[in-house]
Amino acid sequence: MKVIKNEKIAPGVFVLTIQDKEIATTAKPGQFVNIRVVDSYFPLLRRPLSVYCVEGESFKILYKVVGEGTRILSSYKANEELDIIGPLGNCFNVGDYKDFLLIAGGIGVAPIHFLATSLSKRGSITTLIGAKTRSEILCESEFKELGQVVVSTEDGSYGTRGVVTDLLVEAEPRIERDKPKSRAIGKTVGEPEIIFACGPVGMLKTVKSYARSHFIPCQFSLEQHMACGIGVCLGCAVPVKNGYKYVCKDGPVFWADEIEI
C-alpha cells in the first residue's frame, strides 16, 4: 500500500497516512492493521496498530516510536510502499446508546478518536485524556470538535494533575445516584450510558472498577503484543471468565466484565 504522508505531530509520535480504498471503506472503530516494516527478517514480526481515522480512500495510523519496528516505520516517506494486512479484529459495540464517556491514556487515543468521530452525530460525548506531560497530550483539539474534553497530566504541566482515571471524579455528577440492584451487559443504565476506554492495564483496571460500582456498561480496546494478528500463533491470549480469548481474533475490543484484569 502506498504511503501518502508520515507526519511527526509530537515528540516521538507520528501520523501515517496510507492510500487504500478497501481498508478506508470497510474499517470500523476498534479495528487494527498489521504492518510489516521491512522485507528482511529483522524485525521479524508485524506491528499491530489501530486505525486512527479514515478520509476518502485513505486511512491514518497514529503511533509512537517505542522500538526498532516503529523507528523504521517512522522513516517511511511519501510514495513508498508498505505491506499491510487489515482491517483486523472486531469493533466497538455502540448499540443504541446516546451518552458516551470516552477515556484515553497515552497512545490509547488512536482507537478512541476513530470511535469518537463515528459517535459525533449519535449523542453526547465526553472524553477524558491523560498523559505523563503536556507534550504527550494527543488529539485534544480534534476531540473538542466532537464534544466536551477534560485533560490530565501526571506532572501537572497541563490540565488536572494526576492520572486520567482521577478525572472520573469530574464525571461523577453525571452518574445517577439511584442505581439498580443488578444489570445485564449491554443494558442502558444511568448516565453516561456507556464507557469506552483504551490505555495501560492499570488504567483499565480502575475504569473497570468504576464502571462496575456505578452500574455502567464498559468496553475496552486492549493493547497487546501480537505476532500473526489473525489468531493462528495464539500469542496474544488474555484471561476471561471461562478460559482465554485472543486479542487479535476475539478482540481487541472486549466488554470490561468479560476479561480478567
Side-chain angles (χ1 to χ4, degrees), residues 1-10 12-35 37 46-66 70 73-74 76-82 84-94 97 100-131 136-149 151 164 194 196-199 219-223 229 251-253:
M1 300 178 188
K2 181 181 177 181
V3 174
I4 302 300
K5 185 165 56 174
N6 197 12
E7 180 184 11
K8 185 176 182 179
I9 63 167
V13 179
F14 292 76
V15 172
L16 173 68
T17 305
I18 298 291
Q19 182 179 354
D20 186 76
K21 181 179 180 179
E22 183 175 354
I23 292 180
T25 56
T26 60
K28 297 178 175 61
Q31 291 188 299
F32 68 97
V33 296
N34 222 10
I35 303 178
V37 298
R46 292 174 180 266
R47 266 47 189 175
L49 297 167
S50 297
V51 177
Y52 166 62
C53 69
V54 296
E55 293 180 353
E57 296 186 357
S58 65
F59 66 95
K60 296 184 179 184
I61 302 297
L62 176 68
Y63 68 98
K64 183 176 182 178
V65 176
V66 295
T70 45
L73 186 61
S74 70
Y76 274 79
K77 303 293 190 297
N79 297 317
E80 293 184 327
E81 293 185 342
L82 278 165
I84 302 176
I85 300 173
L88 300 173
N90 65 356
C91 59
F92 290 104
N93 180 358
V94 299
Y97 302 110
F100 310 100
L101 178 61
L102 312 183
I103 306 174
I107 203 67
V109 299
I112 296 299
H113 174 267
F114 191 14
L115 173 64
T117 59
S118 72
L119 298 177
S120 59
K121 296 181 180 180
R122 294 176 59 100
S124 173
I125 301 174
T126 298
T127 306
L128 311 183
I129 307 174
E136 296 181 4
I137 292 293
L138 303 172
C139 308
E140 181 186 6
S141 60
E142 290 90 333
F143 282 114
K144 282 184 174 179
E145 293 177 358
L146 303 172
Q148 180 183 0
V149 178
V151 176
V164 67
I194 191 167
F196 299 102
C198 183
Q219 292 175 32
F220 294 153
S221 175
L222 297 187
E223 300 172 328
V253 178

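- Considering CZ of Phe114 and NZ of Lys28, their distance stands at 9.0 Å, rounded to 0.5 Å.
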Quick one, Lys2 with Asn79, criterion side-chain contact (heavy atoms from CB on, under 4.5 Å). Give me CA distance, side-chain angles, the key distance, then yes/no. CA-CA 6 Å; Lys2 181 181 177 181; Asn79 297 317; 2.9 Å; yes

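- Closest non-hydrogen pair, Phe32 versus Gly229, comes out as CZ-O, 3.8 Å.
- Tyr63 and Phe14 have parallel rings, their planes meeting at less than 30° on a 0 to 90° scale where 60° marks the start of perpendicular.
- Shown here for Ile137 and Ala131, the closest heavy-atom pair between the two residues is CD1-CB, 3.6 Å.
- Residue Ile107 holds its CD1 atom at 8.5 Å from CD of Glu223, rounded to the nearest 0.5 Å.
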CA sep, side-chain torsions, deciding dist, call: Ile85, Arg46, side-chain contact (heavy atoms from CB on, under 4.5 Å): CA-CA 9 Å; Ile85 300 173; Arg46 292 174 180 266; 3.6 Å; yes

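- Not counting sequence neighbours, Tyr76 has no partner by the ring-ring contact (aromatic ring centres under 6.0 Å, His included) test.
- Side chain of Gln219 to backbone of Val253: no donor-acceptor contact under 3.5 angstrom is found.
- The line from CZ of Phe92 to SG of Cys198 is 6.5 Å long, rounded to the nearest 0.5 Å.
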How far apart are the C-alpha atoms of Leu146 and Thr127, what are their side-chain angles, what is the distance that settles it, and do they pass the side-chain contact (heavy atoms from CB on, under 4.5 Å) test? CA-CA 9 Å; Leu146 303 172; Thr127 306; over 6 Å; no

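- For the side-chain contact (heavy atoms from CB on, under 4.5 Å) test with Val13, the passing option among Lys64, Glu7, Lys8 is Lys64; the others fail.
- The main-chain N or O of Gly30 is never found under 3.5 Å from a side-chain atom of Asn90 such that the two would form a donor-acceptor pair.
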Using the side-chain contact (heavy atoms from CB on, under 4.5 Å) rule, take Leu138 and Ile129 through it: C-alpha gap first, then chi angles, then the decisive distance, then the call. CA-CA 8 Å; Leu138 303 172; Ile129 307 174; 6.0 Å; no

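- Screening Gln19, Met1, Lys21, Glu22 for a side-chain contact (heavy atoms from CB on, under 4.5 Å) with Phe59, the sole residue that qualifies is Met1.
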